[in-house]
Amino acid sequence: MERRFIGVILLVVSAFTGTLAFRLATPAIAFYTRDVLGASMLAVSIVSMSFVLARAFSSVFGGLLLEKNRTLVYLGALAMAGNAIAVQLYPLASTWVHVAGIKLLNGFLNGLAWPIAQFVIAVTTPRAIRARVTAIYFFSGSIAALLGNYAYAYTVHLGLPTQMRISSVFFIVTGLLMALAYSFLRGLITPRRKETSGGEKPSLDPRRILLIAALMSVIVAFTSGEITYVYVAEALGLDRATTSTLIGWASFLAAMLSYVVSWMADVGSERRTVAMTSVLAAVSPLLAAVKTAPTVFLGIFLALFSFQSFRPISRKILASHQRSSLAIGGVNGVQNLSTFLGGMLFGLAYSLGELQGTVTLNLALLSFLPFSLALLWAGIHPGEME
């Protein structure tokens, strides 16, 4: 019991240090690509989405590897530490294409590291508190996201090379924390279980969970990575530091409130919480499309809140699957691939401009309407297991 507690705590701390490293780098790379390298919004979208595309495939790959040998969890720790080398390449990039290539490497490494950590924390935690513990894990990362945005704001004058060196240190620390956590939890890790009639089973149809995850990720892609910072800064006329700080606070508040939803999933109805998060995600881009500060940030907040609430619930449900490591790796892959598609849609549609009227509407965000309608249908009728 003590070893389990220590291992879980170490993973929670690793979520903090790893996200801090990532969130310091994200706005720095966004503004470097847009302002220094002169990339178009479509190019910035490609930079962001190259990361999630690579992460989509390596997430599933990592889940399959774990089914072969649970010792391969240490590969996730090694991949996380590898990010320390990857981020040192950004200051050397002279075109946005170079940045996109480095992002592919970052995405591949993160796709191995994070889903493995999520799988381990889900399967080694008792089901009765699984959603809440997983939410705390993600919340730790959200605190780091806020601090990472502040770190960017306070280090913006130091330049990209110094910011990437700071990021590298935290990536190395995160890899070490993950490796130590896995050494404590190794005996509890079961990537694949034999199917038995009385065994633990998912409370909702895993296929419908994957569908909801896909649709939600397409929709909330406008809050993912570099494109978010550029859109908010340009839509509202904000400077870099202010943009980074406000997005950090939106992410932090969303994560803090998402714990309430996780508690509801543990003690109440998982089906109702899935439906609620689906509805909130569906309306988020429509609100953000209205170019005023309150609506833009409310839309971003709802997108972040719904997504961060859905993540621990989906991991709790899929951890009960017979092939839990593949299921959790699969949902990560589906979410990342869908985020790639949503980000590319946003980047391509950005050139459509705006619809002027009583309010100004961003047409790129309105293009998500068909996906919002599909998510409303899938989320409200999630399909319970027989």
Side-chain angles (χ1 to χ4, degrees), residues 23 26-27 30-31 34 41 44-45 48 138-139 142-143 145-150 152-153 215-261 275-311 339 342-343 345-347 349-373 375-376 379:
R23 282 298 178 181
T26 300
F31 292 119
R34 180 69 162 171
M41 192 61 168
V44 174
S45 296
S48 291
F138 285 120
F139 180 59
S142 296
I143 296 174
L146 173 63
L147 295 179
N149 281 283
Y150 268 112
Y152 168 76
L215 292 169
M216 188 179 293
S217 297
V218 169
I219 292 168
V220 305
F222 74 95
T223 67
S224 174
E226 287 77 7
I227 55 176
T228 313
Y229 295 90
V230 175
Y231 171 68
V232 172
E234 295 184 358
L236 302 180
L238 301 176
D239 61 67
R240 301 178 186 181
T242 302
T243 300
S244 178
T245 302
L246 290 175
I247 291 175
W249 271 107
S251 179
F252 172 76
L253 292 174
M256 185 170 63
L257 292 175
S258 70
Y259 181 81
V260 178
V261 182
M276 181 186 73
T277 55
S278 298
V279 170
L280 294 179
V283 302
S284 64
L286 309 181
L287 281 170
V290 183
K291 290 185 64 176
T292 67
T295 52
V296 167
F297 279 103
L298 179 59
I300 289 174
F301 170 78
L302 289 181
L304 293 169
F305 172 68
S306 58
F307 186 72
Q308 292 179 17
S309 298
F310 178 75
R311 279 192 305 181
T339 300
L345 171 63
F346 183 58
Y350 200 76
S351 61
L352 296 175
E354 300 167 349
L355 182 63
Q356 302 286 344
T358 306
V359 294
T360 302
L361 299 174
N362 181 278
L363 292 175
L365 287 169
L366 290 182
S367 67
F368 289 105
L369 179 59
F371 297 97
S372 293
L373 294 175
L375 179 61
L376 287 173

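Heavy-atom basis, side chains included; hydrogens, waters and symmetry copies ignored.
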What is the distance from atom [atom1] of [X] to atom [atom2] of [Y], rounded to the nearest 0.5 Å?
X      : Y      : atom1 : atom2 : answer
Met216 : Ser306 : CE    : OG    : 5.5 Å
Ser367 : Leu345 : OG    : CG    : 4.0 Å
Leu280 : Ile219 : CG    : CD1   : 11.5 Å

(message) If you count every heavy atom of other residues, nucleotides or ligands that lies below 6.0 Å from Phe368 atom CZ, does the total exceed 12?
(response) yes

(message) Quick check against the 3.5 Å criterion: does Thr243 have a side-chain atom that pairs as donor or acceptor with the backbone of Asp239?
(response) yes

(request) Applying salt bridge (Lys or Arg N to Asp or Glu O under 4.0 Å), name anything that partners Arg34, two or more places apart in sequence or on another chain. (result) Glu234

(message) I want to check something: taking the side chain as every heavy atom from C-beta on, are Arg311 and Phe138 in contact at a cut-off of under 4.5 Å?
(response) yes

(message) Quick one, Phe301 and Ser251 - any side-chain contact, counting heavy atoms below 4.5 Å?
(response)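 No, too far: nothing below the 4.5 Å cut-off.
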
How would you list, by chain and number, every residue that makes a side-chain contact (heavy atoms from CB on, under 4.5 Å) with [X], sequence neighbours excluded?
X      : value
Val261 : Thr273, Met276, Thr277, Phe305, Ser309, Ile313
Ala282 : Ser372, Leu375, Leu376
Val296 : Tyr231, Val232, Leu236, Ile300
Leu366 : Leu286, Ala289, Leu361, Leu363

(request) Indicate the ring-plane relationship of Tyr150 and Trp249, choosing parallel, tilted or perpendicular according to the 30° and 60° boundaries. (result) perpendicular

(message) Set out, in order, the CA-CA distance, both residues' side-chain angles and the distance that settles side chain to side chain contact (heavy atoms under 4.5 Å, CB included) for Ser278 and Phe310, then state yes or no.
(response) CA-CA 8 Å; Ser278 298; Phe310 178 75; 5.7 Å; no

(request) Only pairs at least two apart or in different chains count here, so list each side chain to side chain donor-acceptor pair (under 3.5 Å) that has a residue in residues 287-302. (result) Lys291-Glu354, Thr292-Thr295

Contact summary for [X] and [Y], nearest pair of heavy atoms:
X      : Y      : answer
Leu304 : Ala250 : CD1-C, 4.0 Å
Ser217 : Phe307 : OG-CE1, 3.7 Å
Phe222 : Ala303 : CZ-CB, 4.0 Å

(message) Is there a side chain to side chain contact (heavy atoms under 4.5 Å, CB included) between Phe297 and Leu302? Walk through the geometry before answering.
(response) CA-CA 8 Å; Phe297 279 103; Leu302 289 181; over 6 Å; no

